[in-house]
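Chain identifiers are assigned alphabetically (A, B, ...) following the order of the sequence lines, protein sequences preceding nucleic acid strands; residue numbering begins at 1 within each chain.
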There are 2 protein chains.
Amino acid sequence: MTLTVLLADDHAMLRSGMRAIFETQPDLQCVAEVADGRAAVSEVARLRPDVAVLDIRMPKLDGLGATEMILSDPANRTKVLLLTTYDSDEYVYRALNAGASGFLLKSLPPEELISAVRVAARGDALIDPSVTQRLIARFAVSLAPPPTPPELALLTAREREVLQLVAAAYSNAEIAAQLHVGDETVKTHVSRVLAKLGLRDRVHAVAYAHVNGLVQGRR
Amino acid sequence: MTLTVLLADDHAMLRSGMRAIFETQPDLQCVAEVADGRAAVSEVARLRPDVAVLDIRMPKLDGLGATEMILSDPANRTKVLLLTTYDSDEYVYRALNAGASGFLLKSLPPEELISAVRVAARGDALIDPSVTQRLIARFAVSLAPPPTPPELALLTAREREVLQLVAAAYSNAEIAAQLHVGDETVKTHVSRVLAKLGLRDRVHAVAYAHVNGLVQGRR
DNA sequence: AACCGGGTCCCCCGCACGGGGGACTTCCGA
DNA sequence: TCGGAAGTCCCCCGTGCGGGGGACCCGGTT
């Protein structure tokens, strides 16, 4: 089974270089070459290649925009590999968000470009190692639980419980009902929480709880 | 400059296989072979190899635990490559959180294992393509901006501005000072915001703003 | 026995807040 | 030209909230 590839880059020389690389592989067929993003989008829609190799820097529509347009159309099953000279973080995040199957630097050895096309075609993905390192770091922090501020240890269990409810925007009366205690008790707890955390009022408490991850609204 | 490698796997046969692979490379030296995670940790601390290749499944301490121990010790500069037979998502996330430089399947071709060691040694990272695909999907959702609720479009620019400040726990008077308007004006804006968003009071507004990503407290 | 931290409940007081009105200006589109 | 939307400012009024006291009970420590 042969894989069809579309090449998009505004440098004709680079395109022919890549085409030459692919032609060494009997199962890879370069079905189109385009020089800008808009042409890439329309040719992908017309030819439905297995893989589109897009440069990020292109006239009219850059590779990221083209990726987004291609992948947002459910009729397309084309996988997108993005190529770039510089690996700006912003590019990477946007590319991955758009659903690209690869983010590679142009310094990639030819045989790895070939393997990348095969990887993308079978639905897997790959990212240049120099980018992966930072991606992991970013991913780790995005998964890491927010650091618990030390002053939170000053609170008793009951006070933390009340703080959670305050953060959920419940009024004192509502909290009292949920905890089956009097509302005067809740007022006492809230006052202690505010004093211990150095917060002015419950509004600050709500903000504090949210920025410190005491409320898991999605994430 | 030669790179030193530590191998950790509970199967002697697999270890000798990998050692044989590395011995084809004059600049790679396999300085230790261990059969469990605890030995891996202690030998890494003793020998300080450039790269440790750890199996995930190991007696006494698994590869993930060993990774965490190795990388949490700042005295170690050893990079960690994790090898596994099955690519469970949980493994991957934990490995990346611990700061591993690679997450590879044992089905990896020998030459790619060699290249992976070199990649890790120079501080980059790489992830098996079959895992990368799912990682991207997960990463994309963790980066995706929270869907903006439609009712937010009802607000005028000024009202959104005020909402931002309310969310930052400013009082009406403080907001008035920041916007150089009277506090009665702010009250009007706040009232309109509450009415348009169907919120009871500013406390709900703060919670609303945070859960809807109008405040970027980290993330 | 005395002590203390945590939890519960109570009173008073000042005030920021929010609802419900109204009013004026500017600007833009019908 | 006449609206209407947006922004600004004003008054009244009720109330939830938070500070400042105090009180009681319970469990554990000293």
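- Counting only residues at least two apart or in different chains, side-chain hydrogen bond (donor to acceptor under 3.5 Å, both in side chains) contacts with residues 31-40 of chain B comprise B:Arg15-B:Glu33, B:Arg19-B:Glu33.
- First and last contacts of DNA chain C with chain A, using any nucleotide atom under 4.0 Å from a protein heavy atom and ordered 5' to 3', fall at C:dG6 to C:dC11.
- In this structure, the side chain of A:Asp183 does not engage the main chain of A:Val186 through any donor-acceptor pair within 3.5 Å.
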Discussion item. Assess the residue pair A:Leu163 and A:Leu152 against the criterion (side-chain contact (heavy atoms from CB on, under 4.5 Å)); give the C-alpha distance rounded to whole Å, side-chain angles, the decisive distance to 0.1 Å, and a yes or no.
Written reply: CA-CA 10 Å; A:Leu163 175 55; A:Leu152 211 69; 4.3 Å; yes

Item to complete: Show your working on side-chain contact (heavy atoms from CB on, under 4.5 Å) between A:Tyr91 and A:Leu96 and close with a plain yes or no.
Response: CA-CA 9 Å; A:Tyr91 289 170; A:Leu96 299 188; over 6 Å; no

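- Residues forming a side chain to side chain contact (heavy atoms under 4.5 Å, CB included) with B:Leu154 (at least two apart in sequence, or on another chain): B:Glu151, B:Lys196.
- Separating the CG atom of B:Leu154 from the P atom of D:dA5 is a distance of 13 Å, rounded to the nearest angstrom.
- Considering only residues two or more places apart in sequence or on other chains, A:Arg200 meets the salt bridge (Lys or Arg N to Asp or Glu O under 4.0 Å) condition with B:Glu174.
- A:Arg46 meets the salt bridge (Lys or Arg N to Asp or Glu O under 4.0 Å) test with A:Glu43; sequence neighbours excluded.
- For B:Asp62, the side chain to side chain contact (heavy atoms under 4.5 Å, CB included) test picks out B:Leu64, B:Arg94, with sequence neighbours left out.
- Near DNA chain D, meaning a heavy atom under 4.0 Å from it, residues 176-202 of chain B has B:Val181, B:Gly182, B:Glu184, B:Thr185, B:Thr188, B:His189, B:Arg192 in order of number.
- At distances below 3.5 Å, not a single donor-acceptor pair connects side-chain atoms of A:Thr67 with backbone N or O atoms of A:Ala100.
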Scan nucleotides 26-30 of chain D against the protein and return all N/O pairs shorter than 3.5 Å with their distances rounded to 0.1 Å.
none

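- OP1 and OP2 of D:dG16 both lie 4.0 Å or more from every side-chain N or O belonging to A:Asn172.
- The end-to-end axis angle of the helix from C:dA1-D:dT30 to C:dA30-D:dT1, rounded to 10 degrees and based on five pairs per end, is 30°.
- Within residues 156-169 of chain B, the residues that place at least one heavy atom under 4.0 Å from DNA chain D are, in residue-number order, B:Thr156, B:Arg158.
- Remark: A:Arg134 does not engage B:Asp124 in a salt bridge, criterion side-chain N to carboxylate O under 4.0 Å.
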Practice prompt. Assess whether side-chain contact (heavy atoms from CB on, under 4.5 Å) is satisfied between B:Met18 and B:Leu14, documenting all intermediate values.
Written response: CA-CA 6 Å; B:Met18 288 197 289; B:Leu14 210 149; 3.6 Å; yes

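- Considering only residues two or more places apart in sequence or on other chains, A:Asp128 meets the side-chain hydrogen bond (donor to acceptor under 3.5 Å, both in side chains) condition with A:Ser130.
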Practice prompt. Check the pair B:Asp9 / B:Arg57 against salt bridge (Lys or Arg N to Asp or Glu O under 4.0 Å), numbers first and verdict last.
Written response: CA-CA 8 Å; B:Asp9 194 301; B:Arg57 279 198 168 162; over 6 Å; no

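- For the side-chain hydrogen bond (donor to acceptor under 3.5 Å, both in side chains) test, residues two or more places apart in sequence or in another chain that qualify with A:Glu161 are A:Arg158.
- Few gaps surround CZ on A:Arg48; more than 12 heavy atoms of other groups in view lie less than 6.0 Å from it.
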